[in-house]
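Below you'll find the structure, written out as structure tokens, and then a few comments.
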Amino acid sequence: MKDKVIIIDGNSLINRAFFAIPSLSNKEGIPTNGMYGFLNMLFKLLDKHSPKYVSVAFDLKAPTFRHKLSSDYKGTRKGMPDDLRPQMNMLKEILDNLGINRMELEGFEADDLIGSVAKLCGRENLDVMIFTGDKDALQLVDDNITVYITKRGITNLKEYREEDVFEEFTLMPNQIIDYKGLSGDTSDNIPGIPGVGPKTAIKLLLEFTTVENLILNSEKVKNKRIRGLVEEYKEQALLSKKLATIVTNIPFEFNVDELLIKEKNIEKLIELYKKYEFTSFIRNLKEESLHLTNTTSEDEINNNLVEEEEIEFKLINNLNELSNMVSEIKKNKVISIKSIYDKANIRTNEAIGFAISDKDTTYYVDLLGEVKFIDLKVILEDENIKKITYNGKREFLIAFRYGISIENHTFDGFIANYLINPSRNKYELSDVAMEYLSKAIKSKEDLLGKGAKAKKYCDISFSDLSNYSAVYSRILFEVHCELDKKLIELNLSELFIDVEIPLVEILASTEYEGFKVDESVLNEIDEDLTNKLREIESEIYSYSNEKFNINSPKQLGVVLFETLELPVIKKTKTGFSTSHDVLIKLEKKHPIVPLVIEYRTYSKLKSTYVDGIRSVINKETGKVHSSLNQTVAVTGRLSSSDPNMQNIPVRIPIGRKIRKVFVADNNCKLIDADYSQIELRVLAHMSKDENLLLAYRENLDIHTMTASKVFNIPLDEITADIRSRAKEVNFGIVYGMSDYGLSETLKIPRKTAKLYIEQYFEKYPGVKEYMDTTIKECKEIGYVVTLLNRRRYIPEINHKNFNLRSFAERTAMNTPIQGSAADIIKIAMINVYNRLKREKLKSKLILQVHDELIIDTSEDEIEIVKEILVDEMENAYKLDIPLLVDMKVGTSWFDTK
DNA sequence: TGTTAATGCAA
DNA sequence: TATTGCATTAACA
């Protein structure tokens, strides 16, 4: 195999990275997005291709020979953005310390360096790969040189070999310059021949091959107008070609060994990464060093790389020491806590250890010896000791399992971090420590490893585990003050204290209680589905005349669109689309299509719901204990996983049967209470639109009313069909829909859809005004808020890319509505939970599905629980209009509708 | 073994 | 080219 050379156009790619990554800066405010994106891409390339030689080429400010040829060259280019300029030198410094070669040469552009070096390497029979965002480089492609052009973003690349260039341009790579010579390039201000665009240029080159040849034979050009243009502008064409030609023979001394990857300066890299807050790069650096040096231990390397935090702590492993600790803690009254246990079974998990920090001291309680978790009860249940957690749901779960409660829970760093910026997808304490304290601590992944080889806490040595836990609780104690300041600064304290913190215990309780499953029903459905699938499968094969995997969109696509030659409706980036709406359009064209639709339905039900649910039933309890996640959804909603109980089928009758599996506990009934149109009511309240408010005050049917207004039909002539179309319009408004979107869902022409939307905004002018104001404000301050001041940053709102900006605008309109509804039901959950607890009822909250609560209700408590639900849900938050709740009682979830 | 794309389920 | 999620399968690195 040939050795690989990677050559990167530094200016081009850092530019791409800069615009692809909306905003990123360290806490001093130094922008780091371009660097970060570039390095991310670089590391991925190195990882994927393992090149022997690498170089990054840069432009210098000095003018090049091209500027001397044409004073207009690149005349229309704007200068580098202010936020990007300083990142160039910072990136170069990192590259130098990574041992990666860098090229720049006065009088030449990066392209010329790349061209010259690439050709030299090509001649030495190396496999050359060029990475850039600029299609000019395609002229360099030959047998030894492949060019990769960024598509969208920076990690998405398109590979160009000779045949790929030909496929796209119908030209050979070395004709790209002739092409530019004729058609010009506005971005570089290369004139070309006026009046000759891409189409004509290609046509001419197919016949004459080069610009020179074309000029020599211009009399042979058939089109008179074009012949005139060629003759008039031949000098300009030749100049343009020259400008577009990348120099491939810069006369310089060059030895390919200069491009070898040299040794890293690890210490310096760590320093730079720390400064720019590239924590993930630090981690990767550590892992990499581990693989390289087998002789040194992990600890030694860690010490060399980052001065990881180490602290002194008191080890507690007998009851005497424990009681001393308790009396000390009772003096200080505020502690951070961290429980150590492996998740195996929600009801029988065994605690391994417990770390506690107060303002002076850190303790690690070993729970594998004389001291047991239950001995911590005196602390956890002491109402005078404030508890600080990081993902406290874990602490509540282990406490419930040992039958104790946690009192005076006042702070959770995980939740705080989420409220400060809900758009992030990782909220590890190690990252927070770096961000707020500039301290490096072991992450969970550092301790346990990741993926399938990840260890459990019980596999970790006592000293590693106790050190990790002690540091964790200490850092948590320290960082909580910083997070608290930030919450106050952002006006989030009320939401945090009144809603999110009380919710932690409730989510733990909901998960701990679980939802009872009737496995015999599950088995019946399974049998039914399995039979149906078998039958449909053989019917499908009888039409396709061959067996294939119906679940594979790729194979199905081949059968439908190649073998059976059905018309292609839509394509995905990898091939034919076989999605549901495509199949519906083909339904009547071939009998196989409805069978595939049916197969899909049953297959989905079996794999996701029957097999999926069966695999997570707890043997101990006969229930599923779904996780309700508090820091996942950017709008403030909860999310559910393992299993996801928020997407159990309901719309289609066959799917709805799955709900028969979910049943009330013994001697109980399920009560399902859901808000009636909470999001539209929130919209009415927030927009203060007179017509919407009126509708809800008078308790009118909002969909019928919208139908009448939008379609101009009298109220008493609205049919069920028209009403349901209006319902789609109402939903669409909440999502910030476009005319195209509405036309797709309603299957109507785009123009009609546009008219409907205009009608809607005319009849509900307050909504229009509210949407406009929300977007305007977001453009100014960079974020939107909900009723309870929950915040979501939307940096793309001012993006120059239309698609990104439009998406941001829809987000800005939808988030306050979806998020405020989420705020309200969270308050309702808290109030319902507290009432059940205060009134000492046996009934338990077992699920939330965005606008509905499900209570497993003891049969003797049905009436009182109904009252509590209506009362607490309808009065959770005072809007300008009433909130209404619908309720159903049943033995299974199927029966509660 | 881990990641991505396509698909489809809910509010 | 309608918002927010999660889980599955196939395909591929």
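Nothing here was measured: the structure is a model prediction, and the numbers come from that model. In the text below, chain A, chain B and the rest are named by the order of the sequence lines, each starting its count at 1.
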Side-chain N or O of A/Lys554 closer than 4.0 Å to phosphate OP1/OP2 of C/dC12: yes
A/Phe43 ring center near A/Phe281 ring center (under 6.0 Å): yes
A/Arg651 side chain near B/dA11 phosphate (N/O to OP1/OP2, under 4.0 Å): yes
Per A/Lys573 side chain, nearest of listed nucleotides B/dA5, B/dT7, C/dT1: B/dA5
Touch class at under 4.0 angstrom, heavy-atom based, for A/Thr815 against every strand present: nothing
B/dA5 versus C/dT1 - spacing of their P atoms, nearest Å: 16 Å
A/Tyr735 OH - C/dA2 P separation (whole Å): 12 Å
Option from A/Thr635, A/Asp823, A/Thr815 for which side-chain hydrogen bond (donor to acceptor under 3.5 Å, both in side chains) with A/Arg790 holds: A/Asp823
Sugar-phosphate only, base, or nothing, as touched by A/Ser640 at under 4.0 Å among non-hydrogen atoms: sugar-phosphate
Sugar-phosphate only, base, or nothing, as touched by A/Arg656 at under 4.0 Å among non-hydrogen atoms: nothing
Nucleotide B/dT3, atom C1' - distance to CG of A/Asn40 in whole Å: 15 Å
Selected nucleotide, minimal atom distance to A/Arg637 side chain, candidates B/dA6, C/dA2, C/dT4: C/dT4
Side-chain-base donor-acceptor pair under 3.5 Å for A/Gln818 and C/dT4: no
Sugar-phosphate, base or nothing in reach of A/Glu809, heavy atoms under 4.0 Å: nothing
Minimum-distance nucleotide (side-chain atoms of A/Val650 versus B/dC9, B/dA10, B/dA5): B/dA10
Options C/dT1, B/dG8, C/dT4, nucleotide nearest the side-chain atoms of A/Phe807: C/dT4
Toward the 5' end of DNA chain C, by each residue's nearest nucleotide, A/Val634 or A/Gly612: A/Val634
Separation of C/dG5 P from A/Asn647 CG (nearest whole Å): 14 Å
Sugar-phosphate only, base, or nothing, as touched by A/Asp642 at under 4.0 Å among non-hydrogen atoms: sugar-phosphate
A/Thr572 side-chain proximity, nearest of B/dG8, C/dG5, B/dT7: B/dT7
Carboxylate-amine/guanidinium contact A/Glu809 A/Lys779, below 4.0 Å: yes
side-chain N/O A/Asn549 vs C/dA10 OP1/OP2, d < 4.0 Å: yes
N or O in side chain of A/Arg810 less than 4.0 angstrom from C/dT3 OP1/OP2: yes
Distance below 4.0 Å between A/Gln555 side-chain N/O and C/dA11 OP1 or OP2: yes
Spacing of A/Ile854 atom CD1 and A/Asp672 atom CG [to the nearest 0.5 Å]: 4.5 Å
Point-to-point distance, once rounded to the nearest 0.5 Å, from OG1 of A/Thr745 to CG of A/Asp581: 11.0 Å
A/Asp823 CG - B/dA11 P separation (whole Å): 20 Å
Pairwise 5' ranking along DNA chain C for A/Thr635 and A/Pro643, keeping only the more 5' one: A/Thr635
Short side-chain N/O contact from A/Thr574 to OP1 or OP2 of B/dA6, under 4.0 Å: yes
Sugar-phosphate only, base, or nothing, as touched by A/Asn814 at under 4.0 Å among non-hydrogen atoms: sugar-phosphate
Side-chain N or O of A/Arg600 closer than 4.0 Å to phosphate OP1/OP2 of B/dT7: no
From C/dC6, C/dA2, C/dT3, nucleotide with atom closest to A/Ser639 side chain: C/dC6
Face-on cation placement of A/Arg791 at A/Tyr783 ring, 6.0 Å and 45° thresholds: yes
Distance under 6.0 Å and angle within 45° of ring axis: A/Lys158 vs A/Tyr160: yes
Rounded distance in Å - CD (A/Glu679) to P (C/dG5): 13 Å
Given B/dG8, C/dT4, C/dC6, the nucleotide with the shortest approach to the side chain of A/Arg792: C/dT4
Touch class at under 4.0 angstrom, heavy-atom based, for A/Val734 against every strand present: nothing
Closest nucleotide among C/dA10, C/dT4, B/dA11 to the A/Glu852 side chain: B/dA11
Sugar-phosphate only, base, or nothing, as touched by A/Ile648 at under 4.0 Å among non-hydrogen atoms: sugar-phosphate
Touch class at under 4.0 angstrom, heavy-atom based, for A/Gly451 against every strand present: sugar-phosphate
Ring centroid separation A/Tyr760 to A/Tyr756 under 6.0 Å: no
Distance below 4.0 Å between A/Ser603 side-chain N/O and C/dT9 OP1 or OP2: no
Phosphate contact (B/dT7 OP1 or OP2) by A/Thr608 side-chain N/O below 4.0 Å: no
d(CZ, A/Phe802; C1', C/dT1) in whole Å: 9 Å
Closest nucleotide among B/dA11, C/dA2, B/dT7 to the A/Ser579 side chain: B/dT7
Nearest-angstrom distance from the residue atom CD of A/Glu728 to P of C/dT3: 14 Å
Spacing between A/Asp611 atom CG and B/dC9 atom P, to the nearest angstrom: 16 Å
